[in-house]
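Before any comments, here is the structure.
Note that these values count all heavy atoms, side chains included, but never hydrogens, waters or copies made by symmetry.
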Amino acid sequence: MNGEHTGDGPRCLVTGATGYIGGRLVPELLDAGNRVRCLARSPGKLRDHPWAARTEVVRGDVTDPESVAAALRDVDVAYYLVHALGTGKDFEETDRRAARLFGERARAAGVRRIVYLGGLTPAGVPERELSPHLRSRAEVGRILLASGVPTTVLRAAVIIGSGSASFEMLRYLTERLPVMVTPSWVGTRIQPIAVRDVLRVLVAGARMPDDVNRAFDIGGPDVLTYRDMMLRYAAVAGLPRRVIVPVPVLTPRLSSHWIGLVTPVPAAIARPLAESLRHEVVCREHDILRYVPDPPGHPIGFDEAVRLALQRVRDAQVTTRWSSASVPGAPSDPLPTDPDWAGGSLYTDRRERTVDAPPEALWRVVEGIGGDHGWYSFPLAWALRGGLDRLAGGVGLRRGRRDAQRLRAGDSLDFWRVEEIEPGRLLRLRAEMRLPGLAWLEMCVGTDAEGRTLYRQRAVFHPHGLLGHAYWWSVSPFHAVVFGGMARNIAGAAVEQARLACSGERTSVR
């Protein structure tokens with residue numbers, strides 16, 4: 001997928017462009033006059049981003065030598081924003097192998113600079129005592145610094161911005177629990193940084209002199225404990241003062257499950273965040289200022305960063321979220337569309353209804369599904385399935401939506417991912433819940449031969465092994481209630497929307 005390059009500056013390769021930071025960095029680079037190429041395993045996820053037409057997107061993976069070499073061709077600056085956290089017990093080895101490969105191919109391609117965003121590590125703590133998350137981030141930084149390509153390694157602690165995992169964790173813990181029994185790490189000192197400052201330094205990091213090859217600590221102006229952060233969040237958000245009681249018995253593992261129950265952040269992501277808070281993470285130097293001076297109003301303080309993030313949430317202007325990146329281990333295979341597909345059994349539940357409303361009204365309901373709007377059938381069953389998924393270590397239903405009204409390819413939607421969207425016609429979701437197989441939910445809007453609005457719904461399941469077959473047959477008795485009710489209620493909601501729209505039009509005419 002090739003876009004129209006609007007800048008004449010250096011060509012920048014961005015890995016991890018489908019993630020939280022990468023998805024925000026690309027437009028910043030473009031606005032600074034750079035040409036941008038994105039490396040993505042699933043290029044279609046970037047198709048609906050407002051900046052997609054201004055970039056070049058290539059398919060590939062940082063563990064694949066050929067695709068990495070092709071992506072780095074004619075590149076001046078390479079941004080390395082990926083990590084294998086959560087892909088399995090050997091994620092550190094995967095990170096190590098990918099970083100070495102990237103550094104070798106970057107050197108061979110004549111790349112002028114690598115820029116890497118890592119984690120801030122605590123002073124005086126042996127690396128073996130760090131969490132696997134921080135240990136791997138530190139090792140990747142060292143590998144890239146030793147690659148022979150001048151490298152800027154930026155080390156940040158907690159990033160505060162709308163949609164970041166750290167911010168969502170802080171936000172939901174504080175808002176949902178006026179009285180908290182908390183782990184002892186709430187007393188650990190942290191130096192958070194606003195996402196705007198992270199992006200500003202990332203963009204500027206590409207312009208370092210050729211003889212600079214080192215790591216830099218980056219942070220905001222405030223050093224706070226996590227307890228301080230929760231209390232100050234409550235004050236900025238206009239909440240009553242929170243009561244926080246730390247106890248020493250909550251280990252990082254128990255903390256992650258506690259966080260997973262209270263917040264949308266699943267335990268698999270919460271655990272490395274919690275483990276990273278065991279030790280103090282405060283900048284030991286501010287040498288980045290020699291090369292990237294702070295402009296007026298920067299760095300942004302904690303309270304202002306929270307205010308800006310909350311404003312983005314309230315205005316529904318969250319451009320990327322922690323859930324923008326695919327869930328590790330989630331299915332990524334597209335829905336088999338060949339009627340003669342020979343990949344094994346496919347179970348299908350089909351529903352079809354004529355709708356006494358214009359196609360536009362029906363599409364508004366379809367595109368607005370999930371999140372606060374729910375799934376239009378048997379809420380208890382959906383809540384139970386989401387709860388079971390959380391207990392199994394999955395994402396559950398509480399990821400919600402990036403935008404309450406609009407979807408784009410690659411968006412997370414509760415425990416689904418938008419695999420395909422054709423505005424006004426098709427929405428296809430791929431399940432990211434824990435399942436013994438692969439699952440999709442497809443909703444189509446069209447018209448029949450007589451011009452009536454038609455709603456088609458299809459649930460597809462590809463079982464893995466005997467357990468997968470048993471799963472389908474165990475839940476199939478509930479399909480009439482869940483999927484049948486969904487089709488019926490979506491149609492009803494479209495009729496009601498059309499009625500209200502007509503009533504409003506008549507009222508305005510009068």
Side-chain angles (χ1 to χ4, degrees), residues 18 40-45 47 59 61 63-64 86-88 266 268 323 325-352 366 369-370 375-378 381-382 384-397 399 407 409-422 425-445 455-487 490:
T18 58
R41 285 177 295 178
S42 304
K45 288 183 179 180
R47 182 192 66 203
R59 184 185 300 276
D61 188 283
T63 61
D64 175 50
T87 57
S323 55
S326 295
V327 174
S332 58
D333 300 338
L335 174 65
T337 53
D338 185 346
D340 299 320
W341 183 66
S345 302
L346 278 181
Y347 292 114
T348 304
D349 180 278
R350 298 177 187 271
R351 309 281 165 173
E352 184 174 301
V366 168
I369 201 167
W375 292 87
Y376 292 94
S377 70
F378 205 176
W382 286 94
L384 179 61
R385 185 64 185 86
L388 291 173
D389 193 54
R390 301 283 289 195
L391 290 175
V395 295
L397 280 175
R399 285 193 303 186
L407 292 173
D411 270 1
S412 61
L413 179 58
D414 294 331
F415 49 40
W416 304 91
R417 175 81 55 183
V418 179
E419 179 176 282
E420 183 59 79
I421 181 168
E422 297 177 17
R425 197 189 78 81
L426 167 71
L427 175 62
R428 182 185 302 138
L429 307 176
R430 184 180 68 244
E432 291 190 333
M433 66 192 86
R434 303 285 178 156
L435 286 170
L438 308 177
W440 295 265
L441 178 61
E442 191 174 77
M443 291 164 273
C444 297
V445 175
Y455 174 68
R456 294 188 180 93
Q457 177 181 293
R458 181 170 67 138
V460 179
F461 183 65
H462 174 211
H464 286 169
L466 183 61
L467 184 60
H469 292 276
Y471 172 82
W472 175 264
W473 289 112
S474 68
V475 298
S476 58
F478 302 100
H479 285 176
V481 175
V482 175
F483 292 130
M486 177 187 291
I490 285 175

**SB check R430 E419 (cutoff 4.0 Å)** =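 The answer is yes: the pair qualifies as a salt bridge.
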**Message:** Any carboxylate oxygen within less than 4.0 angstrom of a Lys/Arg side-chain nitrogen, looking at R47 and E420?
**Reply:** yes
How far apart are the closest heavy atoms of [X] and [Y], and which atoms are they?
X    : Y    : value
F378 : V481 : CD1-CG1, 3.4 Å
F483 : A459 : CZ-CB, 3.7 Å
P463 : G468 : CB-C, 3.4 Å
S377 : G485 : CB-C, 3.6 Å

**Request:** List the steps and the verdict of side-chain contact (heavy atoms from CB on, under 4.5 Å) for V418 and K45.
**Result:** CA-CA 9 Å; V418 179; K45 288 183 179 180; over 6 Å; no
**Asked** Looking at side-chain heavy atoms only, is the closest gap between V482 and W375 below 4.5 Å?
**Response**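 No, every pair of side-chain atoms sits at 4.5 Å or beyond.
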**Prompt:** Within a strict 4.5 Å, meaning less than it, do heavy atoms of the R385 and V475 side chains meet?
**Reply:** no
Straight-line distance of [X] [atom1] to [Y] [atom2], nearest 0.5 Å:
X    : Y    : atom1 : atom2 : answer
F478 : D349 : CZ    : CG    : 14.0 Å
T348 : W440 : OG1   : CH2   : 10.0 Å
T18  : R41  : OG1   : CZ    : 7.0 Å
R456 : E442 : CZ    : CD    : 10.5 Å
L441 : I369 : CG    : CD1   : 6.5 Å
R458 : E352 : CZ    : CD    : 12.5 Å

**Complete:** With sequence neighbours left out, the residues meeting salt bridge (Lys or Arg N to Asp or Glu O under 4.0 Å) with R350 are none
**Fill in**
For R59, the salt bridge (Lys or Arg N to Asp or Glu O under 4.0 Å) test, sequence neighbours excluded, returns none
**Request:** Apply side-chain contact (heavy atoms from CB on, under 4.5 Å) to the pair L426 and I421, showing each step before the final yes or no.
**Result:** CA-CA 5 Å; L426 167 71; I421 181 168; over 6 Å; no
**Prompt:** With distance as the sole test, does R425 use its side chain to make a donor-acceptor pair with the main-chain N or O of V445 at under 3.5 Å?
**Reply:**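 Looks like no, no N/O pair under 3.5 Å.
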**Request:** Could you give me the CA-CA distance, side-chain angles and deciding distance for W382 and D414, then say whether side chain to side chain donor-acceptor pair (under 3.5 Å) is met?
**Result:** CA-CA 11 Å; W382 286 94; D414 294 331; over 6 Å; no
**Request:** Describe, in one word, how the ring planes of Y347 and H469 are oriented to each other, choosing from parallel (under 30°), tilted (30 to 60°) and perpendicular (over 60°).
**Result:**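 Perpendicular.
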**Request:** Specify whether Y471 and F461 have parallel, tilted or perpendicular ring planes, treating 30° as the upper limit for parallel and 60° as the lower limit for perpendicular.
**Result:**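 Tilted, since the angle between the ring planes falls between 30° and 60°.
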**Asked** Who passes side chain to side chain contact (heavy atoms under 4.5 Å, CB included) against A487, sequence neighbours left out?
**Response** R351, R353, Y455, Q457
